[in-house]
Amino acid sequence: MRSGEMRPQSDRMETLRVLVVEDDALIAMLLSELLASMGHNVCATAASEAEAVIAAARYASDLMIVDAGLGRGSGVSAVEEILRAGPLAHVFVTGDAEGVRVRKPDAVIVRKPFREAALARAIDAALTASPKPERLYGSGHGH
């Protein structure tokens, strides 16, 4: 920790439009509330692989928070499909980090259960790792 800096890294972040992909409605709601408390805007939630692909095409999100194991389909497969259209920062939340690493060795992963600080660090890492399309910046869109 740097001297004199106590605030989490997420305090420096701009407001992001986030797509939450989670098949458990309660976890999706809690994750949405957590992201909102971090200053982000959840633009959509999706509960299946198909819904995730449709939502990613419909909403210009800056970031995806994705449950790797969905009841209907796979979060990893959804991300692979979505990324064919272009780069998009993403974080996987899962209890099976090793299973995700087999398919996506460079993935940014947060193990369930997690704390806000771990999610904030993962978001920073995902944003740093992902190329940033021009359309995301300078658009003037706030809350």
Side-chain angles (χ1 to χ4, degrees), residues 1-2 5-139 141-143:
M1 181 181 287
R2 280 176 263 159
E5 184 174 325
M6 298 295 289
R7 296 177 358 175
Q9 291 179 328
S10 62
D11 284 357
R12 293 193 322 259
M13 278 190 224
E14 63 183 278
T15 298
L16 299 172
R17 290 174 47 83
V18 184
L19 167 60
V20 173
V21 181
E22 170 61 66
D23 60 344
D24 182 307
L26 181 60
I27 293 174
M29 182 183 74
L30 293 171
L31 193 50
S32 295
E33 289 175 2
L34 176 60
L35 288 160
S37 76
M38 294 167 72
H40 302 306
N41 174 25
V42 175
C43 59
T45 58
S48 71
E49 180 178 336
E51 288 176 15
V53 172
I54 291 166
R58 182 174 297 154
Y59 301 96
S61 61
D62 302 313
L63 172 72
M64 295 183 292
I65 305 293
V66 183
D67 181 5
L70 301 172
R72 290 174 290 146
S74 157
V76 178
S77 295
V79 168
E80 289 171 345
E81 177 69 23
I82 292 163
L83 293 181
R84 288 188 188 115
L88 180 57
H90 55 281
V91 173
F92 289 104
V93 290
T94 183
D96 180 23
E98 293 73 27
V100 174
R101 289 243 183 266
V102 167
R103 289 183 61 185
K104 306 279 286 176
D106 297 329
V108 177
I109 300 171
V110 175
R111 292 176 189 266
K112 289 180 179 177
F114 58 87
R115 297 184 181 277
E116 179 179 344
L119 183 61
R121 283 191 301 272
I123 290 171
D124 277 346
L127 293 172
T128 300
S130 180
K132 293 162 185 63
E134 282 301 310
R135 66 178 175 78
L136 299 182
Y137 298 93
S139 62
H141 295 303
H143 288 294

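Predicted, not measured: the structure shown is a model, and the values here were computed from it. Starting from 1, each residue takes its place in the sequence as its number.
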Roughly how far, to the nearest 0.5 Å, is [atom2] of [Y] from [atom1] of [X]?
X      : Y      : atom1 : atom2 : result
Phe114 : Ile109 : CZ    : CD1   : 13.5 Å
Met38  : Leu119 : CE    : CG    : 4.5 Å
Leu70  : Asp24  : CG    : CG    : 11.0 Å
Cys43  : Leu19  : SG    : CG    : 5.5 Å

Donor-acceptor under 3.5 Å ([X] side chain, [Y] main chain):
X     : Y     : value
Asn41 : Arg17 : no
Ser61 : Val18 : no
Glu49 : Ser74 : yes

Next on the checklist: Test of understanding: with side-chain contact (heavy atoms from CB on, under 4.5 Å), list the residues that count as partners of Ala89, not counting sequence neighbours.
Outcome noted: Leu63, Ala126, Leu127, Ser130

Checklist outcome for this item: Ile82 and Leu88 have their tightest heavy-atom pair at CG2-CD2, 4.1 Å

Checklist entry - Which atom names give the shortest non-hydrogen contact between Val108 and Ala122, and what distance separates them? => result CG1-O, 3.4 Å

Item to check | Any Ser32 side-chain heavy atom under 4.5 Å of Leu35 side chain | outcome: no

Checklist entry - Does any non-hydrogen side-chain atom of His40 lie less than 4.5 Å from one of Ile65? => result no

Item to check | Matching residue for Glu22 among Leu30, Asp67, Val66 - test: side-chain contact (heavy atoms from CB on, under 4.5 Å) | outcome: Asp67

Checklist entry - Could you give all pairs that pass the salt bridge (charged side-chain N to carboxylate O under 4.0 Å, His left out) test and reach residues 68-92, with sequence neighbours left out? => result Glu51-Arg72, Glu80-Arg103, Glu81-Arg84

Item to check | Within residues 79-110 or reaching into it, pairs that qualify as ring-ring contact (aromatic ring centres under 6.0 Å, His included) - sequence neighbours excluded | outcome: His90-Phe92

Next on the checklist: Taking salt bridge (charged side-chain N to carboxylate O under 4.0 Å, His left out) as the definition, give me every residue that meets it alongside Glu33, ordered by chain and number, with sequence neighbours left out.
Outcome noted: none

Extract all donor-acceptor atom pairs below 3.5 Å that involve side chains of residues 93-100 and protein atoms in other chains or at least two apart in sequence.
{"residue": "Thr94", "atom": "OG1", "partner": "Asp96", "partner atom": "N", "Å": "2.9"}
{"residue": "Asp96", "atom": "OD1", "partner": "Gly99", "partner atom": "N", "Å": "3.0"}
{"residue": "Glu98", "atom": "OE2", "partner": "Arg111", "partner atom": "NH1", "Å": "3.4"}
{"residue": "Glu98", "atom": "OE2", "partner": "Arg111", "partner atom": "NH2", "Å": "3.0"}

